[in-house]
Amino acid sequence: MTCDPRVLRRPLLVGLIPAVWTVVLGLWGLSRQNSVWRDEAATWQVARRSTGDIVRMLEHVDVVHSLYYLCMHGLFAGFGPSTTVLRLPSVLAVAAAAACVALIGHRLAGAYVGLGAGLALGLLPAVQFYLQEGRPYALVAAGSAVSTLLLVNALRGRARKRTWAAYACAVLVCGWLNWLALLILPAHLITLLWSRAPRGVRVRWAVAAGAATAGVLPLALFSLDQSGQVSWVPPLTWHMMIGPAILLAIGGLGGLLGRRTGTGTAPGTGMGAAERTGAADRTDRTGRADRTDLAGPPDLANRAGRPGPTGTVEPPGPVTGSPSVAAVGLPLLAVPQLGLIGLSLVKPLFVDRYILFSLLGLALLIGALIGRAVDEVARRSRPAARCVLPVLVAVALVALLPQSLAKRSPASRVDDVLAAAERTRQLKHDGDGVLFIPAARRDTWLVTPDAFTGTRDIALAETPEESGTLKGVEASPARVRAAMLAQRRILLVTDATGVARPTRGRRDRTKAEVLATHFTLVSDERIRGRRVAVYERLAPAGGG
């Protein structure tokens with residue numbers, strides 16, 4: 001298998017191939033053996049509410065995900081709740097991001113760099129994890145890729161008013177999916193300065209970026225009142241810096257090698273060495289090149305080698321402000337990582353999924369490394385150069401296969417809501433009381449209410465819909481105690497050992513104390529990070 005030269009001459013295929021490749025990776029094991037973990041359960045149960053209930057909930061919790069929840073509500077209403085509907089938007093979003101990354105690489109450094117970057121994105125372990133995740137992070141990555149592609153087009157002299165309007169809209173949507181996506185703006189600013197963009201381009205970018213920021217600012221300010229939701233994020237430690245340091249080292253290597261080889265590009269043509277060799281081989285005996293073989297970007301191809309008045313080929317002209325792969329990829333990788341680290345020094349926020357979009361930069365820089373490898377081989381053998389990319393992708397796929405399989409297993413997540421619900425269905429008796437410790441484990445019921453038919457949530461005072469919360473409002477400890485003592489049999493859904501945190505709150509301590517004192521454990525099963533236990537009431541002392 002080799003890279004067909006005809007593919008290298010069609011930018012549409014350079015973007016389409018990574019998109020299809022990513023969709024295939026995403027559909028592989030999409031259901032994760034019909035499992036849904038706690039974060040996805042939040043999406044699932046909120047998406048099933050009415051629009052009014054969702055808006056009421058956002059006043060109290062999760063406003064940062066408001067746009068995503070409303071979009072998923074529409075999908076669930078149209079297609080019904082399922083793991084496919086839950087996760088397919090993320091698959092398609094990463095596929096779109098891969099296509100954009102491939103087009104960026106192609107326009108900056110040739111088709112091999114573009115293909116390499118686009119194919120690499122779907123193979124990155126972190127991307128494979130969130131490729132099949134029913135949360136908004138893949139959608140943020142897609143919007144970030146679109147905005148970066150639009151910026152590159154602007155820097156290469158193809159900007160119109162609608163280009164900047166589309167750029168502002170892309171950043172705005174990303175910010176409404178997660179306002180930390182605004183960290184892409186300082187990354188783009190560095191790209192502008194690095195590539196010495198004309199003043200007019202910088203001014204237009206500032207206007208577009210300012211408009212997008214102004215649109216996201218109300219969401220960001222409102223979400224500060226709900227900052228308690230991220231209280232679980234641990235303070236920054238040196239150990240947490242290992243991952244970003246490795247990513248930055250790989251990215252820096254890609255940027256350095258790409259820069260040494262001109263990012264794999266012939267000046268003004270957008271072709272790497274292998275593509276230039278193929279074009280040279282097809283030059284006719286009169287010394288005139290076949291223009292269909294120039295695999296460079298359309299706007300550069302029009303400027304490079306355009307026939308002059310005498311019919312000769314004019315030398316290519318420079319494109320003012322045209323960036324290198326390093327100028328786009330390195331800031332896109334480094335700035336969000338370093339920016340989130342900086343924010344985490346003020347308030348703990350360092351969670352890799354919040355800046356998943358930074359891996360777009362890593363993919364571009366890996367593409368530059370692949371372009372360097374192709375160029376080196378092409379100097380010795382053009383046919384062998386065509387095999388480099390397929391061989392590298394195959395080797396990476398095999399090397400990452402254990403991780404790929406692991407990430408498509410239920411064990412890759414903390415727990416499995418559906419497995420706990422199914423076991424509850426098997427253990428329940430009509431009239432049983434049900435308890436959840438902590439109350440957030442009520443998501444087991446909220447995602448699969450039919451599994452609890454015939455039982456009663458004895459601690460619940462207000463449903464999540466009534467209270468505008470994710471987990472509902474529970475009764476006072478005294479009322480919970482009285483309700484428990486009125487039950488003959490109680491089903492407990494909680495976290496398995498190793499996942500559970502110490503019991504907090506007087507209400508949960510009351511639940512545990514009453515179970516230990518007045519009930520006996522008759523069944524206790526641990527299923528994929530959760531625990532489903534059955535308790536029966538002890539006979540009163542001296543009773544007959």
Side-chain angles (χ1 to χ4, degrees), residues 11-32 34-37 39-40 42-44 46-47 65-106 114-115 117-150 166 169-178 181 184 353-360 362-364 397 404 407-408 412:
L12 180 62
L13 286 178
V14 172
L16 184 61
I17 290 172
V20 173
W21 162 260
T22 306
V23 168
V24 171
L25 288 175
L27 295 180
W28 169 30
L30 183 63
S31 74
R32 287 203 306 273
N34 195 39
S35 65
V36 171
W37 78 295
D39 278 18
E40 292 179 310
T43 300
W44 187 302
V46 172
H65 299 313
S66 54
L67 178 60
Y68 177 70
Y69 283 149
L70 292 170
C71 290
M72 292 306 298
H73 167 74
L75 290 176
F76 271 34
F79 300 100
S82 69
T83 55
T84 299
V85 176
L86 179 69
R87 296 178 183 136
L88 191 57
S90 293
V91 174
L92 298 178
V94 177
C100 290
V101 165
L103 291 173
I104 293 168
H106 176 253
L115 278 173
L119 295 173
L121 181 66
L123 284 174
L124 295 175
V127 173
Q128 288 203 55
F129 189 95
Y130 294 106
L131 173 65
Q132 297 181 331
E133 185 85 347
R135 297 299 280 170
Y137 311 110
L139 278 68
V140 174
S144 300
V146 170
S147 66
T148 304
L149 177 60
L150 291 168
C169 288
V171 175
L172 177 65
V173 170
C174 286
W176 270 86
L177 288 168
N178 186 339
I184 199 171
R353 59 179 176 262
Y354 294 164
I355 49 170
L356 181 70
F357 61 91
S358 70
L359 297 184
L360 302 172
L362 180 62
L364 277 171
L397 185 61
S404 299
K407 293 184 187 307
R408 288 162 174 80
S412 64

_Before you tell me yes or no, could you show the steps for Thr83 and Leu30 under side-chain contact (heavy atoms from CB on, under 4.5 Å), namely the whole-Å CA-CA distance, both residues' side-chain angles and the distance that decides it to 0.1 Å?_
CA-CA 8 Å; Thr83 55; Leu30 183 63; over 6 Å; no
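For the atom pair His65 NE2 and Asp39 CG, the distance stands at 8.0 Å (nearest 0.5 Å). Atom CE of Met72 sits about 9.5 Å away from atom CD of Glu40, to the nearest 0.5 Å. Interatomic distance, Ser35 OG to Arg408 CZ, rounded to the nearest 0.5 Å: 12.5 Å. Rounding to the nearest 0.5 angstrom, the gap separating the OG1 atom in Thr148 from the CG atom in Leu103 is 12.5 Å. Atom CG of Leu177 sits about 9.5 Å away from atom CG of Leu172, to the nearest 0.5 Å. From Arg135, atom CZ reaches atom CG of Leu356 across 13.5 Å, with rounding to the nearest 0.5 Å.
Side-chain contact between Pro136 and Asn178: absent, with no pair of heavy atoms (C-beta onward) separated by less than 4.5 Å. Counting only heavy atoms from C-beta outward, the side chains of Cys174 and Ile184 never approach each other to under 4.5 Å. At a threshold of 4.5 Å between non-hydrogen side-chain atoms, the residues Leu397 and Leu123 count as touching. Looking at heavy atoms from C-beta onward, Cys71 lies in side-chain contact with Leu67 at the 4.5 angstrom threshold.
In terms of heavy-atom proximity, Ala126 sits nearest to Leu359 at CB-CD1, 3.7 Å. Contact record, Ala97 with Leu360: CB-CD2, 4.0 Å, taken as the closest heavy-atom pair. Of all the heavy atoms in Gly118 and Ala102, the pair that sits closest is CA-CB, 4.1 Å. Minimum heavy-atom separation, Val140 to Ala181: CG1-CB, 3.6 Å. Counting all heavy atoms, side chain and backbone alike, Tyr68 lies closest to Leu86 at OH-O, 4.2 Å.
Between the side chain of Ser90 and the main chain of Glu133, a donor-acceptor pair closer than 3.5 Å is present. At least one donor-acceptor pair closer than 3.5 Å links the side chain of Thr43 to the backbone N or O of Gly134. Between the side chain of Arg32 and the backbone N or O of Gln132 there is at least one donor-acceptor pair closer than 3.5 Å.
Every residue meeting the ring-ring contact (aromatic ring centres under 6.0 Å, His included) condition with Trp44, not counting sequence neighbours, appears here in chain and number order: Phe76.
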May I have the list of side-chain donor-acceptor pairs in residues 14-29 shorter than 3.5 Å, sequence neighbours left out?
unit_1: Trp21; atom_1: NE1; unit_2: Leu119; atom_2: O; d: 3.2
unit_1: Thr22; atom_1: OG1; unit_2: Pro18; atom_2: O; d: 2.7

